[in-house]
Amino acid sequence: MSSLPSLLSERIHAVVGVDPELRPATKPQFGHYQSNVALRLAKSEGRPPRAVAASIVERLEVGDLCETPEIAGPGFINLRLRADVLARAVNDLLADPHSGIVQTGRPETVVVDYSSPNVAKQMHVGHLRSSIIGDCLRRVLTAVGHRVVAQNHIGDWGTQFGLLVEQILDDGTDAATLTLAEAEALYLRANAHFHSDAAFAERARARVVSLQSGDPETLSIWQQLIDTSAAGFNAAYARLGVLLTDEDLAGESVYNDDLPGVVADLEASGVAVVDAGALVVFVEGFNSPMIVRKRDGGFGYAATDLAAIRRRVREFGAKRLIYVVGAPQSFHFDLVFAVARKAGFLPPDVVAEHVAFGQVLGADGKKFSTREGTAVTLTSLLDAAEEKASAPIALAAIKYADLSNGLNKDYVFDVDRMVQTTGNTGPYLQYAHARMAQVLRKSEAEGNAAPGDVSVLDEPAEQTLALLLSRYGEIVDEVVATLQPHRLCAYLYDLSGALSVFYEQCPVLKSAGAVRESRLALCLATKRVLATGLDLLGIEALDRM
RNA sequence: GCCCCCAUAGCUCAGGGGAUAGAGCAAAGGUUUCCUAAACCUUGUGUCGCAGGUUCGAAUCCUGCUGGGGGCGCCA
């Protein structure tokens, strides 16, 4: 099923031979779509733009789709879709099991690496963003037919486990019973201990060696820490409505056995060299090298990322690698991707993308932190929102606030603003959906079981709504291509606005005959798009509010 | 020192080289014998950080500045 603008593009292309750069019209009086191609062709053709536009329109065959094309301003070609074409688009959407989401012709395996909390630490606002954004991308990519492999790259390895295990043994704590908050407190205690007690520090270092060499007691405690942490993460995901499960866990330790192979590859190809005692990779254009293996023989986290790329490409067959990680890691990922290319771990037909997101700021515009200066936990943030609204609405508020702005920018966490049902918020979209659910419920109660087809689109409000509905598939495709969920948010907000105008101006249940059937079908289609669109954002579409 | 990101209405933010730069919030006023008023409508607001350049046309692309944030060899 081709989208209407792509059909129109083809028709114009057939006349002019170049991409017509069809765009949605900027204003209602300019029709539905516009092309500026005449303006650009005017110079090379040596004729006034309006004359070029006139000759294009003369040869353009779009009578089956549009009203008569109009030439406006300096030479814009404005196209207005016929009402029956819009009606058919909505009816197609209603008949489509995917509700207008175009299934990709080239399904591929896509890895989405997101959330990535640290073992024995509570999740913070940064993990919230990664979880929400990554989950949205996962849902969108899955919806268009890709095979998505979610990877939760938890921090489950490193020198901090020497401290943790040693402190647990000192305290006689049962690691299997720790909550995340308790584990974090234990870590803070261990860290203070490490700096104040030289003997403890020495034992902690030795404990890291025990862990790395597979000492059973050490490994057992380490595993208990992971298990209790994972339980804590899962509780947070369940509360957030995030899809991650234990199946998606692929922590740093997973790659331990791969690291020698990675190093062997890098050394064999001559990509890595020894410098100041460390094994490093220099890449042109980067002012500092990647540290693969530290002077002390330990591996840096870049090595783990290389191993992950290698595995995801070789074993999973991934063609697209997506990393949902904060913007401060941009340099790191640029370097890792460049090294992976150089080493051949990333073949030319595989793309790797860092979806870099900004910080969450407090109401004062400063870095979001508690009075004590520590990072705000995910749990306390959810609690704060649920003080203002019921859980599903509070969650919608948070997720929408996170997804509706450009990802790379910092955003201000303002609970009072995001739970409003007026304005560009998650609850506003939920409310639009609930109203449609109500209309359809009432219709059903009155004995009209199945809404019919859209057949009458006389009112401008009806046409605007139908036009927006016809664009749903294009918007989802844009998110797939750009990994920018705020485009979908903006679309759903526009749709809700058009729905409100329709709702005010076009009575549904009080109308009769074909008009009533047609409007009911519009309601149903809008409800479907809102429901599936919200689901792509990870937001629950409520039937009642 | 080098690199990356950001700068648009009082505030929070959209803006794909194209028409008079748009939403929401806030402010003021209005709309319920009518499908959810948790809504809708109306009204005002701009040196698009600054200066050049490319172009028929620049908030958008290029260069240089200014201001803010972040990063840059042995934490992850």
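Order of the sequence lines fixes the chain letters, A, B, ..., with proteins taken first and strands second; residue numbering starts at 1 for each chain.
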Reckon [X] touches a base, only the sugar-phosphate, or nothing at all at heavy-atom distances under 4.0 Å?
X: A:A42; answer: nothing
X: A:A278; answer: base
X: A:R417; answer: sugar-phosphate
X: A:N408; answer: sugar-phosphate
X: A:R40; answer: base
X: A:A356; answer: nothing
X: A:F331; answer: sugar-phosphate
X: A:Q430; answer: nothing
X: A:Q359; answer: nothing

Subject >> Per-nucleotide protein contact string for nucleotides 36-44 of chain B (B base, S sugar-phosphate only, - none; heavy atom under 4.0 Å) >> reply: BSBSSS---
Original post:
Can you tell me if the side-chain N/O atoms of A:K409 get under 4.0 Å from OP1 or OP2 in B:U8?
Top reply: no
Original post:
Taking only N and O in the side chain of A:K367, is any of them less than 4.0 Å away from OP1 or OP2 of B:G70?
Top reply: no
Original post:
In terms of side-chain geometry, is the basic nitrogen of A:R441 or A:D543 positioned less than 4.0 Å from the acidic oxygen of its partner?
Top reply: no
Original post:
Does any non-hydrogen side-chain atom of A:R205 lie less than 4.5 Å from one of A:E202?
Top reply: yes
Original post:
Any side-chain heavy atom of A:Y431 within less than 4.5 Å of one from A:T425?
Top reply: no
**OP:** Verify the ring-centre separation between A:F368 and A:H124: is it less than 6.0 angstrom?
**Re:** no
Original post:
Quick one: are the ring centres of A:F76 and A:F30 less than 6.0 Å apart?
Top reply: no
Subject >> Separation of atom CD in A:E21 from atom P in B:A19, rounded to whole Å >> reply: 13 Å
Subject >> A:K510 side-chain proximity, nearest of B:G73, B:G71, B:C35 >> reply: B:C35
**OP:** Give the ring-plane orientation class for A:W222 versus A:W157, where under 30° counts as parallel, over 60° as perpendicular and anything between as tilted.
**Re:** perpendicular
